[in-house]
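The block underneath contains the structure these notes are about, expressed in structure tokens.
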Amino acid sequence: MSSKNSKANRRNFLKLCGLTSLPLMVPSLGLGSSILNEGQKFNPDVLDDDNQLINFVTDGLMFSPQERIQKLMEIDKLHPIKTDFYGNGGAISELEQAFAKLTGKEKAIFVPTGTMANQLAIKLLNKDNTKVIVPENSHIFRDEADAAQAVHNKRLIPVGKNKPHFNLQDLKDTIAYYNSGEVFKSGLGTIVIEHPVRRADGASVPLETIKSISNYCRENGYKLHLDGARIHIAAAYTKVSISEYASYFDTVYISLYKYLNASGGAILAGDAEIIDKMNHQIKIYGGTTYQNWDEAAMALHYLKGIEDRWQKATLVAKQIISSLNKLKEVTISDIDNHTNIYNLVLDESIDARKLAQTLSREYNILLRNPNSKGIVKFSINESILRKDTNYIINAWKKSIKHSRK
Ligand SMILES: Cc1ncc(COP(=O)(O)O)c(C=O)c1O
């Protein structure tokens, strides 16, 4: 691929992910200079604690490579990291045991990507059935490059277009439609729920909806898979435990890098009958990697105490949002069933790009630029615990003063 083409593809990808308007200094996202704003500065090489980045942009802490290396060294001092060998033993086994416990499932296994965890879960759960029902706006349906069709011979049937998620009635209607309308019947084996929903700004699927779909699936012999890439954040905001969520599903995938700050990786949890087949499947599809201890060590480190940190972070976020909403230039509002993403709108007198630049240059605080509707997607993550809340609020107040048009 020519470098021009790959740049264009990357731009397209970032646009689809809603990240094209990110300010300049996002080293861990590896943004190309052509899509960056001018005039912003962030030096990822400075590692002293006072310079730690606060970001209102992503799920996690956004480590630079240097910060990641340093963090791994700190982790190793606290708890010497043990290597795995092709995903067996060491930190990987520890991680798998921790996730089996957290989800209440018989077993959990490390998978190199969430995409692979989703696809292999569907494949194994569905057995010889060809149809899998998925949310229309899900990662599985829209962001996994038609892997189910292209690689696994599964036909994905989307439900709930233009809605954050489907409900039991939508599911029943879809099943009835296919049962009555197809002459040469082939089986439906699996239903997927994504929760929280990435394409709906992290909206959560109400527990009652999950329960009703789960009961229906069990009564009718369908398997149920959870794309819970961000289940930690759903649990933090809804106060429903991860093990309770997991209990309604046959298999659960959880990302290691969204909220656990690993450089990549995923966990799939479920019954031993399914999980024991995964190692072989991962190898068949080329996913068995020699050493994965670094991802496991980071994830294990951030797994410890995550509930307490998020309890604090949700409270601090409330304080920050309430203080910013007192400024006449800022309006932050909830989305329905929200987790950690809010809509932020600036008064017309404020130049949003200037504000993002000032916050980053003067205070090491990252903010997205507005989308085409003038809304800044405002994400909360653990980085707000890195500084005193007053520091963050004052940084905003001062930056707003310097960002008039
Ligand atoms: C909801 C959801 N599912 C699955 C994935 C896939 O994860 P990975 O990048 O590890 O393949 C993502 C990644 O963004 C996601 O947001």
Side-chain angles (χ1 to χ4, degrees), residues 10 12-20 22 26 28-30 57-60 62 87 92 95 99 108-123 132 134-148 150-152 156 158 160 164-166 190-205 210 224-235 237 242 245-246 249 251-269 278 281-282 285-289 292 294-296 298-299 302 337 339-341 377 379 381:
R10 171 185 281 193
N12 207 10
F13 168 75
L14 290 168
K15 196 168 149 206
L16 286 169
C17 297
L19 289 173
T20 40
L22 268 178
V26 191
S28 48
L29 290 177
V57 172
T58 62
D59 301 315
M62 291 178 74
I92 288 287
L95 183 78
F99 268 97
I109 186 165
F110 171 83
V111 188
T113 68
T115 301
M116 186 177 264
N118 277 335
Q119 293 295 327
L120 292 182
I122 290 174
K123 178 190 168 182
V132 177
V134 294
E136 196 279 339
N137 62 357
S138 61
H139 195 276
I140 291 184
F141 188 61
R142 298 187 66 183
D143 302 298
E144 297 189 4
D146 294 341
V151 182
H152 303 296
L156 298 186
H165 58 83
F166 62 76
T190 309
I191 319 292
V192 172
I193 292 178
E194 181 180 308
H195 165 62
V197 186
R198 184 181 70 95
R199 282 180 178 267
D201 294 330
S204 58
V205 182
I210 293 176
L224 190 58
H225 170 68
L226 172 62
D227 179 338
R230 296 174 175 78
I231 197 66
H232 288 288
I233 201 69
Y237 276 82
I242 291 179
Y245 278 132
F249 295 84
T251 47
V252 179
Y253 139 64
I254 301 173
S255 173
L256 299 183
Y257 69 89
K258 308 291 185 200
Y259 289 96
L260 298 174
N261 302 304
S263 53
I267 278 285
L268 184 72
M278 283 291 290
Q281 291 293 317
I282 294 168
Y285 293 101
T288 307
T289 45
N292 311 271
D294 49 340
E295 290 167 322
M298 283 296 266
Y302 282 99
N337 295 323
T339 53
N340 64 330
I341 303 178
K377 294 293 171 185
S379 296
N381 54 56

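Just follow the structure's listing: the first ligand is 1, and inside any ligand the first atom is 1.
- Val252 has its side chain out of reach of Tyr245: every pair of non-hydrogen atoms, C-beta onward, lies at least 4.5 Å apart.
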Under 3.5 Å, side-chain donor or acceptor atoms of residues 256-267 against the rest of the protein: list the pairs with distances, not counting sequence neighbours.
unit_1 : atom_1 : unit_2 : atom_2 : d
Tyr259 : OH     : Asp59  : OD1    : 3.0
Tyr259 : OH     : Asn340 : ND2    : 3.0
Asn261 : OD1    : Leu61  : N      : 2.9

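- For Asn118 against Glu144, the heavy-atom pair with the smallest separation is ND2-OE2, 3.0 Å.
- Not counting sequence neighbours, the partners of Ile242 by the side-chain contact (heavy atoms from CB on, under 4.5 Å) test are Leu102, Thr103, Ile231, His232, Ala235, Ile254.
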Atom pairs and distances, ligand 1 N/O vs protein N/O under 3.5 Å:
unit_1   : atom_1 : unit_2 : atom_2 : d
ligand 1 : 3 (N)  : Asp227 : OD1    : 3.2
ligand 1 : 3 (N)  : Asp227 : OD2    : 2.6
ligand 1 : 7 (O)  : Tyr253 : OH     : 3.3
ligand 1 : 9 (O)  : Tyr257 : OH     : 2.6
ligand 1 : 10 (O) : Gly114 : N      : 2.7
ligand 1 : 11 (O) : Gly114 : N      : 3.3
ligand 1 : 11 (O) : Thr115 : N      : 2.9
ligand 1 : 11 (O) : Thr115 : OG1    : 2.7
ligand 1 : 14 (O) : Lys258 : NZ     : 2.6
ligand 1 : 16 (O) : Arg230 : NH1    : 2.8

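- Take Asn337 and apply the side chain to side chain donor-acceptor pair (under 3.5 Å) test, not counting sequence neighbours, and it matches no residue.
- At least one donor-acceptor pair closer than 3.5 Å links the side chain of His195 to the backbone N or O of Val205.
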